[in-house]
Amino acid sequence: AQKVTQAQTEISVVEKEDVTLDCVYETRDTTYYLFWYKQPPSGELVFLIRRNSFDEQNEISGRYSWNFQKSTSSFNFTITASQVVDSAVYFCALSESYNNNDMRFGAGTRLTVKP
Amino acid sequence: DGGITQSPKYLFRKEGQNVTLSCEQNLNHDAMYWYRQDPGQGLRLIYYSQIVNDFQKGDIAEGYSVSREKKESFPLTVTSAQKNPTAFYLCASSIDTTSGNTIYFGEGSWLTVV
């Protein structure tokens, strides 16, 4: 069965620090998709990135970057020069090859960025 | 603006009552979903619908019911049979249920049993 583990329950950093959120997944499929979502205090989950299992190229979007390593089954998320507005709960999710109704979410990591 | 609208944002229910959470989307998506979120846990799927007049149970469907009479709407009813209904409920949609299609979420509804 597929599984997503976000071992860091809570992280607290001071503004401008870099921070990495870990995500480890388990799947028997060779084709799968990984996602990161941000949940600010308002509650809505905001889509950040999608990555398919055949694309291991790391991605950078502004202060955000993602490191996908199939060898360690990890899809980690780094925020560079963190800001107070980055404070939120971040979820990693996995969808296997057949359909989205079996998408599995990690328990989330609560990030607090202090001024 | 395109998006997913959930209402109400906050809802209080007395024990033994049924309540219905509304979800409307104008993204022209075929697939819609309901998730439940409890503190410190990830999202768990309650029900999903791939197309109008069709819906399927997710992992924790007991005590819940849904309908999909229109493409835009997917209301969730929390029945009195749900033993622990206090939670945050998220409605979502995607183009279809094919794996890899991004799922987009509404702002959620807080349900509290009093």
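Here the structure is a predicted model, which means the values were calculated and not measured. Proteins come first, then strands; the chains are lettered A, B, ... in the order of their sequence lines, and each starts at number 1.
- Two rings, from F105(B) and F47(A), have their centers 6.0 Å or more apart.
- With hydrophobic clusters built from ILVMFWY side chains whose heavy atoms lie under 4.5 angstrom apart, F88(B) shares a cluster with L45(A).
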I would like to know whether R104(A) and D59(B) meet side-chain contact (heavy atoms from CB on, under 4.5 Å); could you show each step before the answer?
CA-CA 11 Å; R104(A) 297 295 167 180; D59(B) 298 326; 2.6 Å; yes
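- Residues Y89(B) and I4(B) do not share a hydrophobic cluster, defined by chaining ILVMFWY side chains whose heavy atoms lie under 4.5 Å apart.
- No continuous path of ILVMFWY side-chain contacts below 4.5 Å connects V24(A) to L94(A), so the two sit in separate hydrophobic clusters.
- Following chains of ILVMFWY side-chain contacts shorter than 4.5 Å, one can reach V13(A) starting from L21(A), so the two form part of one hydrophobic cluster.
- Counting heavy atoms from C-beta on, the side chains of E44(A) and Y104(B) never come closer than 4.5 Å.
- Contact annotation for Q56(B): neither backbone nor side-chain heavy atoms come within less than 4.5 Å of a heavy atom of chain A.
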Verdict with supporting geometry, L90(B) and Q39(A), side-chain contact (heavy atoms from CB on, under 4.5 Å)
CA-CA 11 Å; L90(B) 284 155; Q39(A) 186 178 41; 4.2 Å; yes
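- Of all the listed residues (G106(B), A31(B), A92(B)), the one sharing the greatest number of non-hydrogen pairs under 4.5 Å with chain A is G106(B).
- When heavy atoms are compared at a cutoff of 4.5 Å, T9(A) does not approach chain B at all.
- Checked by atom type and distance alone, the side chain of Y37(A) pairs as donor or acceptor with a backbone atom of I103(B) at under 3.5 Å.
- Within the 4.5 angstrom heavy-atom criterion, no atom of E10(A) approaches chain B.
- Taking each heavy atom of S95(A) and G100(B) in turn, the nearest pair found is OG-N, 3.9 Å.
- Both the backbone and the side chain of L43(B) have a heavy atom closer than 4.5 Å to some heavy atom of chain A.
- Criterion: ILVMFWY side-chain heavy atoms under 4.5 Å apart, direct or through other members. Under it, L34(A) and I49(A) are part of a common hydrophobic cluster.
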As a quick check of understanding, evaluate side-chain contact (heavy atoms from CB on, under 4.5 Å) for Y48(B) and M103(A), giving each step before the final call.
CA-CA 12 Å; Y48(B) 67 96; M103(A) 181 178 281; over 6 Å; no
